[in-house]
2 protein chains.
Amino acid sequence: MRSGFGQFCPVAVACEVFAERWTPLILREMFAGSMHFNDIRRGVPLISSALLAQRLRSLEARGVIVRESAAQGRSSSYRLTDAGREFKPVIEGLGAWGQRWTVRVSRDTLDPGFLMWNMHRRIDLARLPNGRTVLRFDYSGVPARCRGPRQFWLLLDRHGCGICVEDPGLEVDLCIDADLATMTSVWLGDTPLADALRSRKVRLLGPRTLVREFPAWLMLSRFAHIQRPASHAPGP
Amino acid sequence: MRSGFGQFCPVAVACEVFAERWTPLILREMFAGSMHFNDIRRGVPLISSALLAQRLRSLEARGVIVRESAAQGRSSSYRLTDAGREFKPVIEGLGAWGQRWTVRVSRDTLDPGFLMWNMHRRIDLARLPNGRTVLRFDYSGVPARCRGPRQFWLLLDRHGCGICVEDPGLEVDLCIDADLATMTSVWLGDTPLADALRSRKVRLLGPRTLVREFPAWLMLSRFAHIQRPASHAPGP
DNA sequence: CGGTATCCCCCGCGATACTG
DNA sequence: CAGTATCGCGGGGGATACCG
């Protein structure tokens, strides 16, 4: 199969750059802030290493990203160019469509590691208490398919949010005990967190102050606020 | 390769529907007004019949289009659903990106039939003279690869525009003699029609009135008016 | 960490022919 | 016109191992 479409139409040419398998997800990940190879992989865990490298090379060749080798290390980083940044409306349009017209939570898409990787970038740091706050998430209802851990620590302070997959040995301030499907649904905006707490599918264990404040820290998915069409609303 | 991406992210789920090979072009064609199988094929000439049928079935199954079988004929038609129509901003975003950041006219993308198929939908019918106007386009500089004809008739009146590939036997009111690459560049907004006329790479043969009015009838590509970034402007 | 190198399978897709 | 049926291939990409 010839790779291109053989058309001068701007949509066709853009598709040759943008619409290859995995590429929109790689760009989504870079818009979310990832700049390093393995950070991108955490956001697109099912892509193989070889293929990610190939896609990044292709995007670089087409002027969508630039690769910058760190001065004296093996660490290199990738940034969107001006051209790459202009794919943002396309990614946002796709996300809005997916939010409005699809069911996303299913056995095949649940993944606690992926959920946490997304969540850790959507903590409203400005609302945190002073000093460090340590959260632990314990997930139940994780599909057997999922390889990784089902327990995660978030280390929060005003300057950032670190994610740990092994016990960092710090005192945990607040523990979130959650059914994975429910928490994913909350993240996507399909279930209000208050409902999930009321039904006890998500439980917050810790000091009252933190329990009360937690919902305000946790910003949801960038698309969570987009409303479904009335004709397609989820049942109660 | 598993077809999906295994992610609950709305972007990923939307990509499973939208970002398959050929699918964005099929939708572009439907947004441009095509509703029948072979009309869509004229806008996506390199897709095979079998694959187009498969893609249409897939889009129908995902609720993006509906297929309506005509009451008593073999003719069926396809329409975008509400969900399908909401891909419009995505297509437009891709087209805008392609317009701003790519070179589209090359030996591999030139195609007089495809150009005419697009052009015939972008004639400003309201500006036409009364009655019927017959145009004939004669293309030179057509790559050997192109199979079809290099001469086309447009039959214009206030109610529509018909495209013919064989001599309809009507008197031609205006003949457009054009280098294909130049006309394509004009269509895409990269070359002003006035420049192409001045350099005589496009020539209009007919009564003065029609010659003067023609540029006003010919609307260009929907993306032609989108400006390139200053850093990426085409040379003079 | 940040990738390459290889192998090899499988299926997406193009080509062609055919049908109501 | 509007597709279906069938076949065969090419290369995309998954798996695995390896390297600086």
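Throughout, protein chains are lettered first and strands after them, A, B, ... in sequence-line order, and every chain is numbered starting at 1.
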* Structure fact -> Rounded to whole Å, CZ of Arg147(B) lies from C1' of dG14(C) at a distance of 14 Å

* Could you state the CD-P distance from Gln54(A) to dG13(D), rounded to the nearest angstrom? -> 7 Å

* **salt bridge (Lys or Arg N to Asp or Glu O under 4.0 Å) partners of residues 77-96 of chain A, not counting sequence neighbours, each pair once** => Glu68(A)-Arg79(A), Asp82(A)-Arg85(A), Glu86(A)-Arg100(B)

* N/O (side chain, Arg67(A)) to phosphate O (OP1/OP2, dG3(C)) under 4.0 Å -> yes

* To do: For Trp117(A) and Glu29(A), test the side chains for any donor-to-acceptor distance below 3.5 angstrom and give the result as yes or no.
  => yes

* Assess the side chains of Arg104(B) and Gln99(B): does a donor N or O sit below 3.5 Å from an acceptor N or O? => yes

* Asked: Would you say the side chain of Ser48(A) and the base of dG13(D) hold a donor-acceptor pair, judged only by whether the two atoms sit under 3.5 Å apart?
  -> no

* To do: Could you tell me if the ring centre of Trp153(B) sits under 6.0 Å from that of Phe137(B)?
  => no

* To do: May I ask you to verify whether the side chain of Ser76(A) and the base of dG2(C) hold a donor-acceptor pair under 3.5 Å?
  => no

* Roughly how many Å is it from CD in Glu60(A) to P in dG3(C), rounded to a whole number? -> 10 Å

* Asked: Rounded to whole angstrom units, what separation is found between the CG atom of Leu56(B) and the P atom of dA2(D)?
  -> 12 Å

* Ignoring backbone atoms, test whether Arg41(B) places a side-chain nitrogen or oxygen under 4.0 Å from the OP1 or OP2 oxygen of dA2(D). => no

* Angle between terminal axes - the helix from dC1(C)-dG20(D) to dG20(C)-dC1(D), 5 pairs each end, rounded to 10° -> 50°

* To do: Have a look at Arg57(B) and say if it touches a base, only the backbone sugar-phosphate, or nothing, with a 4.0 Å heavy-atom cut-off.
  => sugar-phosphate

* Does the side chain of Arg121(B) come under 3.5 Å of the side chain of Ser34(B) through a donor N or O and an acceptor N or O? -> yes

* Structure fact -> Glu20(A) CD to dG11(D) P, in whole Å, measures 14 Å

* Asked: Between dA2(D), dT4(C), dC1(C), which nucleotide has the shortest distance from any of its atoms to the side chain of Asn38(B)?
  -> dA2(D)

* Send over the distance from Leu52(A) CG to dG2(C) P, rounded to a whole Å. => 11 Å

* Short side-chain N/O contact from His36(B) to OP1 or OP2 of dA2(D), under 4.0 Å -> yes

* **Nucleotide dT6(C), atom P - distance to CG of Leu51(A) in whole Å** => 18 Å

* Asked: Checking ring-ring contact (aromatic ring centres under 6.0 Å, His included) for the pair Phe114(B)/Phe8(A): CA distance, chi angles, key distance, verdict?
  -> CA-CA 9 Å; Phe114(B) 179 67; Phe8(A) 53 74; 5.0 Å; yes

* Just how far is it from atom CZ of Phe152(B) to atom SG of Cys164(B), taken to the nearest 0.5 Å? -> 11.5 Å

* Can you figure out which of dT4(C), dA2(D), dC13(C) approaches the side chain of Arg21(B) most closely? => dC13(C)

* To do: Provide, to the nearest angstrom, the distance between the CD1 atom belonging to Ile26(B) and the P atom belonging to dG3(D).
  => 12 Å

